[in-house]
Amino acid sequence: SFILRVYAALIHSIGIGSGSSPGSGSTFVQQTMDLITRICKQYQEVDRTGRVDELIKMALSACILTCIQFPPIVDGKDTFVKTPALIASTECLKCQLNWTNCMLEGFLSRTLHLIRYHCGSELKHLILDNIFDGTTRQENSSSVDKKYLNFCEWASSIVKDTEVRDIHNYIPQGTTPSNIFSLIECIRHSSTFGKEYDGTISCLLNDAEKCEELFETEGIVTMVISAASAMALRPPPMIPIVLPLTIETGVSRLVKKMNQGELEKKFCCQISLQLIYAFTFLDKMGDSPFAIKPRSLPLQTVIHFTPIGKSQASEVIQNFVIKYSPETFMRCNDNLSPHLTSSSVFHKFLKQTVVTPKDLGNAIRQRLSITDPYDTLAIEQLYLYVRATQPASIVDTEVSLALLESTNDPIRFLTYTKLCQDPLMMLKCSLKVWTDEGLRRILLAILQRLLDTNEKIVKETAINTEVATEYLISRDSIILRSCLLILSDAEISENHLGYHTKVGINCPLLVSMIRSMIANRFGLVAAVIKQLDSAMLDWLVTYVPEMRSEANIFLNILERGTLPAVERLHVADAALRIAIAHGSKDETELQPLAYTALSILVNSFYIVIGPVGVPVNVLCDQNGEDTTQKCRKYLLRMLSAVKNIQEDTPKIRNESRMALSKLAGLCKNDMNLSGLTGAVAQRRKVILKELWDALVRANASLGSLDYFA
């Protein structure tokens, strides 16, 4: 193997000469390839050892490097003719790629994979790293890359009949310096856009020690970027591995470790790689509700503790930050790379004049007075600047006062203590504040800090833990309903303007806030579920997977049977949608919830269509409202939800099929009843027809060929 390594290095450095004389050109290629082929065949029957594995790898590398220097191969496909040298090269290449040693499958499969997909530059990287052990810097020449590309075109026609090795089966578990480039290739060429490698990437980004080990390894940044880019190409839902909440949690831990004097490099490396993933996803899918909003993150802290300028990862972070949040560098210019400090954007923010909190408040009032404000992030940049140079409590108080002011309800006196004691005051802001991206993010940043402070105050002053918990759940339920009004398509009445409007904004910061609130306050969704309309419920099920943790609470509520008919169906609708949306993660846990909800669906049949022989709307609640109409609405919603059941939840699909069959039987029996005439019978038939059509559509979506015949 040493002789082959030396030979390959010489060929790479000086070439093979020209002409047909012995020792150069085509004759040299033919003789060399025949010799390498004989060496490989000689070891076909020898016990497989590490030394033999190394020899075969060097033989394949030498073969490829020789072909790269041979003009009939690298000058283009028009020169591919059957000469003795080309025939010898073909046999040599086939002999080595057909090697069956399982210890070499990773290297051979990767080489074959690169040839098939014409990945010339990656093949060059692989071969030269094998020859020089990754210690020699490869030349960045387009002509050299062209040679490797032409070789791939020539070799791909030769190996097309070679047994296809699935490269995915030979990637070692986890991420190591030796398999980073293999993972990159697998992710890039995966038919599922790298979905099968989400677990590997997630394990890396969630392991601080692993991040530190690989932080300065060549290719680690490319691998993270490739994973995020592949995620953005998948069909919905595109939920990235690194969420905005993950970044916020990581930065909070970073600051906590710093304050305790226990800051370690591994946490800095971890948050850096997570930021690269999150920024790449933002760059590809800026409209996604799971994309980060850089200006809501304490990037100054990250930049201060990240080894800026010392690695490729740090340079990538700087480029992303200067693109999406240039004002972040106002107070950390000592850490900037030279090419960034000279940028015009950077100097624009360095030359800002001193702005007082009152000036900021006046700027917010002026913005609220404009019908259609431009430059939506300008006010947020100003807020970040003022808060970085002025006392935070004074700034937040002045900003809160400006946000809360309105024509009909001016607030003239406000202190930071009062805000901490009653953070719900911030919910009185007008709809214009919530729909303005810059003002909304300022409002949420202040509200989050006030809620954290208020929770500490409540826990310290409450008589016991139960009282504090009850108060906090009540407080958070009000905030949750208010936020859902903004995020969903629910109708909002703006009282002082006298009109109704529908809003459905896209705000990742608000999404992260709701998810964090539900995750930390167990039972919060169950406490407010009866007060949520259909739009709010659909939004929660779609964007908040943390609802799955409250499945047992929903199950207990439904099994008690103490709810009125309308509320019982409303909760059953929510329970069924939770089971369908998140059943693929743990079907065994959510199957009882789906079964109970479907049972209520079947048992509510006669409430929906009304008792036999009387008008369908004869049932009314205590307020005189039509109970059957409300129940019918939720029953049809549940049938619509059944159509979304996926094949990876077979138990829930079977339960749904049985429930649909029972409902179909009830419909048939009611249709066959005689003795009903007139308008009552006609109205009943219309409702039964509507219900029957919904049942047929739901049954067809489950792939059943039995149409209740």
**Request:** Flag the pair Leu569 / Lys630 as yes when at least one side-chain heavy-atom distance between them is below 4.5 Å, and no otherwise.
**Result:** no
**Item:** Pairing residues for Gln646 by the side-chain contact (heavy atoms from CB on, under 4.5 Å) criterion, not counting sequence neighbours
**Value:** Asp648
**Request:** Evaluate whether atom OH of Tyr595 has more than 12 neighbouring non-hydrogen atoms of other residues, nucleotides or ligands under 6.0 angstrom away.
**Result:** no
**Item:** Intermediate values then yes/no, salt bridge (charged side-chain N to carboxylate O under 4.0 Å, His left out), Lys459 and Glu455
**Value:** CA-CA 6 Å; Lys459 289 182 177 180; Glu455 182 172 352; 3.1 Å; yes
**Asked** At what distance, to the nearest 0.5 angstrom, does OH of Tyr416 lie from OG1 of Thr397?
**Response** 7.0 Å
**Request:** Could you check whether the rings of Phe279 and Phe320 sit parallel, tilted or perpendicular, using 30° and 60° as the cut-offs?
**Result:** parallel
**Request:** Could you walk me through whether Leu360 and Glu398 pass side-chain contact (heavy atoms from CB on, under 4.5 Å), step by step?
**Result:** CA-CA 8 Å; Leu360 176 59; Glu398 190 65 37; over 6 Å; no
**Prompt:** Going by atom types only, do Ser202 and Asp198 share a side-chain donor-acceptor pair under 3.5 Å?
**Reply:** no
**Request:** Give the intermediate values and the outcome of side-chain contact (heavy atoms from CB on, under 4.5 Å) for residues Ile652 and Glu587.
**Result:** CA-CA 8 Å; Ile652 296 179; Glu587 187 181 13; 3.9 Å; yes
**Prompt:** Distance-only, no hydrogens or angles: does the His570 side chain make a donor-acceptor pair with backbone N or O of Ile529 under 3.5 Å?
**Reply:** yes
**Polar contact flag, side-chain donor to acceptor under 3.5 angstrom, Tyr543-Asp538** = no
**Prompt:** Would you call Leu487 and Ile514 a side-chain contact if the rule is heavy atoms closer than 4.5 Å?
**Reply:** yes
**Asked** Are any of the side-chain heavy atoms of Asn454 and Cys420 separated by less than 4.5 Å?
**Response** no
**Prompt:** What's the shortest heavy-atom distance between Ala519 and Glu546, and which atoms?
**Reply:** CB-CG, 3.9 Å
**Message:** For the backbone of Leu702 and the side chain of Arg653, can you confirm whether one donor and one acceptor N or O come within less than 3.5 Å of each other?
**Reply:** yes
**Message:** Donor-acceptor check, side chain of Arg568 to backbone of Leu563, threshold 3.5 angstrom: yes or no?
**Reply:** yes
**Prompt:** Which heavy-atom pair separates His582 from Val541 by the least distance, and what is that distance?
**Reply:** NE2-O, 3.5 Å
**Asked** What heavy-atom pair brings Ile446 and Ser400 nearest, and what distance separates the two atoms?
**Response** CG2-OG, 3.7 Å
**Message:** Could you tell me if the side chain of Glu559 sits less than 4.5 Å from the side chain of Ile600, heavy atoms only?
**Reply:** no
**Asked** Out of curiosity, Met425 CE to Leu447 CG, how far, rounded to the nearest 0.5 Å?
**Response** 12.0 Å
**Request:** May I ask you to check whether over 12 heavy atoms, not counting those of Asp287, lie within 6.0 Å of atom CG?
**Result:** no
**Request:** Output yes when a side-chain donor or acceptor of Ser288 lies under 3.5 Å from a complementary backbone atom of Met285, and no otherwise.
**Result:** no
**Prompt:** Hey, mind stepping through Leu590 and Lys585 against side-chain contact (heavy atoms from CB on, under 4.5 Å) and telling me if it holds?
**Reply:** CA-CA 9 Å; Leu590 295 177; Lys585 298 178 181 178; over 6 Å; no
**Message:** Just verifying a value: how many Å separate Leu424 CG and Ser482 OG, rounded to the nearest 0.5 Å?
**Reply:** 8.0 Å
**Asked** Is any side-chain heavy atom of Asp533 less than 4.5 Å from a side-chain heavy atom of Met536?
**Response** yes
**Fill in**
Rounding to 0.5 Å, atoms OG1 (Thr596) and CD1 (Ile557) come to a distance of 12.0 Å
**Message:** Consider salt bridge (charged side-chain N to carboxylate O under 4.0 Å, His left out). Of Arg365, Lys432, Lys428, which one does Glu405 pass it with?
**Reply:** Arg365
**Message:** Heavy-atom count check: over 12 atoms from other residues, nucleotides or ligands less than 6.0 Å from Glu470 CD?
**Reply:** no
**Request:** Taking all non-hydrogen atoms of both residues into account, name the closest pair between Ala402 and Leu368 and its distance.
**Result:** O-CD1, 3.8 Å
**Request:** Might you work through the side chain to side chain donor-acceptor pair (under 3.5 Å) test for Asp396 and Tyr383, ending with a clear yes or no?
**Result:** CA-CA 9 Å; Asp396 286 353; Tyr383 170 73; 2.8 Å; yes
**Asked** Any side-chain heavy-atom pair from Ile276 and Ser272 closer than 4.5 angstrom?
**Response** no
**Item:** Residue of the set Thr435, Leu444, Ile486 for which side chain to side chain contact (heavy atoms under 4.5 Å, CB included) holds with Cys507
**Value:** Leu444
**Prompt:** Considering residues, nucleotides and ligands other than Lys284, do more than 12 of their heavy atoms fall under 6.0 Å from its NZ?
**Reply:** no
**Asked** Where is the tightest heavy-atom contact between Leu639 and Ala694, given as atom of each residue plus distance?
**Response** CD1-CB, 3.7 Å
**Message:** Checking side-chain polar atoms at under 3.5 Å, does Asn644 have a donor or acceptor matched by the opposite partner on Arg577?
**Reply:** no
**Prompt:** Is there a donor-acceptor pair under 3.5 Å between the side chain of Asn362 and the backbone N or O of Lys358?
**Reply:** yes
**Message:** Once side chain to side chain donor-acceptor pair (under 3.5 Å) is applied, do any residues pair with Ser516, and if so which ones, sequence neighbours excluded?
**Reply:** Asn520
**Prompt:** How many angstroms lie between atom CG of Leu275 and atom CD1 of Ile247, to the nearest 0.5 angstrom?
**Reply:** 4.5 Å
**Short side-chain donor-acceptor distance under 3.5 Å, Asp359 and Thr356** = yes
**Asked** Can you find a heavy atom in the side chain of Ile607 that is under 4.5 Å from one in the side chain of Val566?
**Response** no
**Prompt:** Would you say the side chain of Ile292 lies within less than 4.5 Å of the side chain of Phe281, judging by non-hydrogen atoms?
**Reply:** no
**Asked** Quick check: does any side chain N or O of Tyr277 sit under 3.5 Å from a backbone N or O of Ile241, one acting as donor and the other as acceptor?
**Response** yes
**Request:** Mind listing the closest non-hydrogen atom pair of Leu245 and Ser512 along with its distance?
**Result:** N-OG, 3.8 Å
**Asked** Is there a donor-acceptor pair under 3.5 Å between the side chain of Asp573 and the backbone N or O of Tyr634?
**Response** no
**Asked** With no hydrogens and no angle check, is any side-chain donor or acceptor of Glu550 less than 3.5 Å from a backbone partner on Ala526?
**Response** yes
**Prompt:** For Leu205, does its backbone N or O pair with a side-chain atom of Gln270 as donor and acceptor, under 3.5 Å?
**Reply:** yes
**side-chain contact (heavy atoms from CB on, under 4.5 Å) between Leu593 and Asn552, intermediate numbers included** = CA-CA 8 Å; Leu593 184 63; Asn552 290 332; over 6 Å; no
**Prompt:** Say you draw a straight line from CG of Leu524 to OG of Ser474; how long is it, rounded to the nearest 0.5 Å?
**Reply:** 10.0 Å
**Asked** Are the side chain of Thr389 and the backbone N or O of Tyr385 linked by a donor-acceptor pair below 3.5 Å?
**Response** yes
